[in-house]
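Predicted, not measured: the structure shown is a model, and the values here were computed from it.
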Amino acid sequence: QVPLVESGGGSVQSGGSLRLSCDASGYPYQNWCAAWFRQTPGSRREGVATIRSDDKTDYANSVKGRRFTISQDKAKRTIYLQLDNLTPDDTGMYSCAAGVQAFYWCTPANTDYDFWGQGTQVTVSS
């Protein structure tokens, strides 16, 4: 079973919303730090938001207080990223990652995760 599978990406117009899902039902540990990353055209992959199994969250400064909200349904072992008021600059590949060691440094700056998903594409048109 693939540990992480993303879904929910798509094409929307500027100002629209999407909710990305990361199915982590194959993740084998009881504790985790889960993260959403994005890679926009011509840019490096950047961490956007993280959430721990104890519900502590953190956001990159570039999105803090803005339009992205990370959440989880632990019963479903699913991590969500709500994207609101999207702009063309948000276009890119969004991926989730999870790991147990990352629990102790669960921040968007951390890229050391045990598992990565394949990503889901988000395209925002003006």
Side-chain angles (χ1 to χ4, degrees):
Q1 186 176 6
V2 178
L4 303 175
V5 180
E6 302 96 333
S7 62
S11 297
V12 297
Q13 290 189 327
S14 187
S17 297
L18 286 171
R19 188 174 80 157
L20 308 183
S21 298
C22 175
D23 180 350
S25 55
Y27 181 80
Y29 305 117
Q30 291 302 310
N31 292 321
W32 62 83
C33 169
W36 280 99
F37 289 80
R38 70 175 176 183
Q39 186 163 18
T40 56
S43 299
R44 295 172 59 183
R45 184 171 59 191
E46 65 166 339
V48 174
T50 58
I51 190 164
R52 291 195 329 188
S53 45
D54 61 0
D55 297 320
K56 178 178 171 61
T57 61
D58 195 11
Y59 294 88
N61 287 335
S62 60
V63 301
K64 193 173 292 184
R66 287 178 58 201
R67 305 162 285 113
F68 296 176
T69 305
I70 192 169
S71 62
Q72 63 188 351
D73 183 329
K74 285 184 275 190
K76 296 181 179 179
R77 292 179 79 83
T78 301
I79 314 299
Y80 302 101
L81 185 67
Q82 177 70 35
L83 309 175
D84 294 317
N85 196 20
L86 287 161
T87 72
D89 289 341
D90 295 317
T91 293
M93 182 68 74
Y94 287 71
S95 303
C96 65
V100 62
Q101 290 299 322
F103 181 90
Y104 302 102
W105 186 41
C106 194
T107 172
N110 188 5
T111 60
D112 187 13
Y113 292 91
D114 301 309
F115 304 102
W116 291 82
Q118 293 296 310
T120 185
Q121 177 68 32
V122 171
T123 302
V124 185
S125 57
S126 58

Contacts of Asp112 that satisfy salt bridge (charged side-chain N to carboxylate O under 4.0 Å, His left out) - sequence neighbours left out: none
Can you name the nearest heavy-atom pair linking [X] to [Y], along with the distance?
| X | Y | value |
| --- | --- | --- |
| Ile70 | Tyr59 | N-OH, 2.9 Å |
| Ser95 | Gly119 | OG-CA, 3.6 Å |
| Thr50 | Cys106 | OG1-O, 3.4 Å |
| Gly92 | Tyr94 | O-CD1, 3.4 Å |
| Trp32 | Arg77 | CZ3-NH1, 3.7 Å |

Within this structure, what is the [atom1]-[atom2] distance for the pair [X] and [Y], rounded to the nearest 0.5 Å?
| X | Y | atom1 | atom2 | answer |
| --- | --- | --- | --- | --- |
| Gln121 | Glu6 | CD | CD | 12.0 Å |
| Phe68 | Ser62 | CZ | OG | 8.0 Å |
| Leu81 | Thr69 | CG | OG1 | 8.0 Å |

In terms of the angle between their ring planes, are Tyr29 and Phe115 parallel, tilted or perpendicular, with boundaries placed at 30° and 60°? tilted
Measure the acute angle between the ring planes of Phe37 and Trp116, then classify it against the limits of 30° and 60° as parallel, tilted or perpendicular. tilted
Hey, quick one: are Tyr80 and Leu20 part of the same hydrophobic cluster, counting side-chain heavy atoms closer than 4.5 Å, chains of contacts allowed? no
Please determine whether residues Phe103 and Tyr113 belong to a single hydrophobic cluster, defined as Ile, Leu, Val, Met, Phe, Trp and Tyr linked transitively by side-chain heavy-atom distances below 4.5 Å. no
Please report, to 0.1 Å, the donor-acceptor pairs under 3.5 Å made by any side chain of residues 83-91, with sequence neighbours excluded.
unit_1: Asp84; atom_1: OD1; unit_2: Ser17; atom_2: OG; d: 2.9
unit_1: Asp84; atom_1: OD1; unit_2: Gln82; atom_2: NE2; d: 2.8
unit_1: Thr87; atom_1: OG1; unit_2: Asp89; atom_2: N; d: 3.4
unit_1: Thr87; atom_1: OG1; unit_2: Asp90; atom_2: OD2; d: 3.4
unit_1: Asp90; atom_1: OD1; unit_2: Arg38; atom_2: NH1; d: 2.9
unit_1: Asp90; atom_1: OD1; unit_2: Arg67; atom_2: NH2; d: 3.4
unit_1: Asp90; atom_1: OD2; unit_2: Arg67; atom_2: NH1; d: 2.8
unit_1: Asp90; atom_1: OD2; unit_2: Arg67; atom_2: NH2; d: 3.4
unit_1: Asp90; atom_1: OD2; unit_2: Thr87; atom_2: N; d: 2.9
unit_1: Thr91; atom_1: OG1; unit_2: Pro88; atom_2: O; d: 3.1
unit_1: Thr91; atom_1: OG1; unit_2: Val124; atom_2: N; d: 2.9
unit_1: Thr91; atom_1: OG1; unit_2: Val124; atom_2: O; d: 3.4

Counting only heavy atoms from other residues, nucleotides and ligands, does the tally under 6.0 Å from CD of Gln39 exceed 12? yes
Can you name the residues that form a side chain to side chain donor-acceptor pair (under 3.5 Å) with Thr107, not counting sequence neighbours? Asp58
Set of side chain to side chain contact (heavy atoms under 4.5 Å, CB included) partners for Asp55, sequence neighbours left out: Gln72, Lys74
Excluding sequence neighbours, so at least two apart, what forms side chain to side chain contact (heavy atoms under 4.5 Å, CB included) with Ser7? Ser21
Pairs in or reaching into residues 117-126: which pass salt bridge (Lys or Arg N to Asp or Glu O under 4.0 Å), with residues at least two apart or in two chains? none
Pairwise side-chain contact, Asn31 with Tyr104, heavy-atom cut-off 4.5 Å (strictly under): no
So, do Ile79 and Cys96 sit near enough that their side-chain heavy atoms are less than 4.5 Å apart? no
Checking Lys56 against Asp54 for the salt bridge (Lys or Arg N to Asp or Glu O under 4.0 Å) test, could you report, in this order, the C-alpha distance in whole Å, the side-chain angles of both residues, the deciding distance, and whether it holds? CA-CA 6 Å; Lys56 178 178 171 61; Asp54 61 0; over 6 Å; no
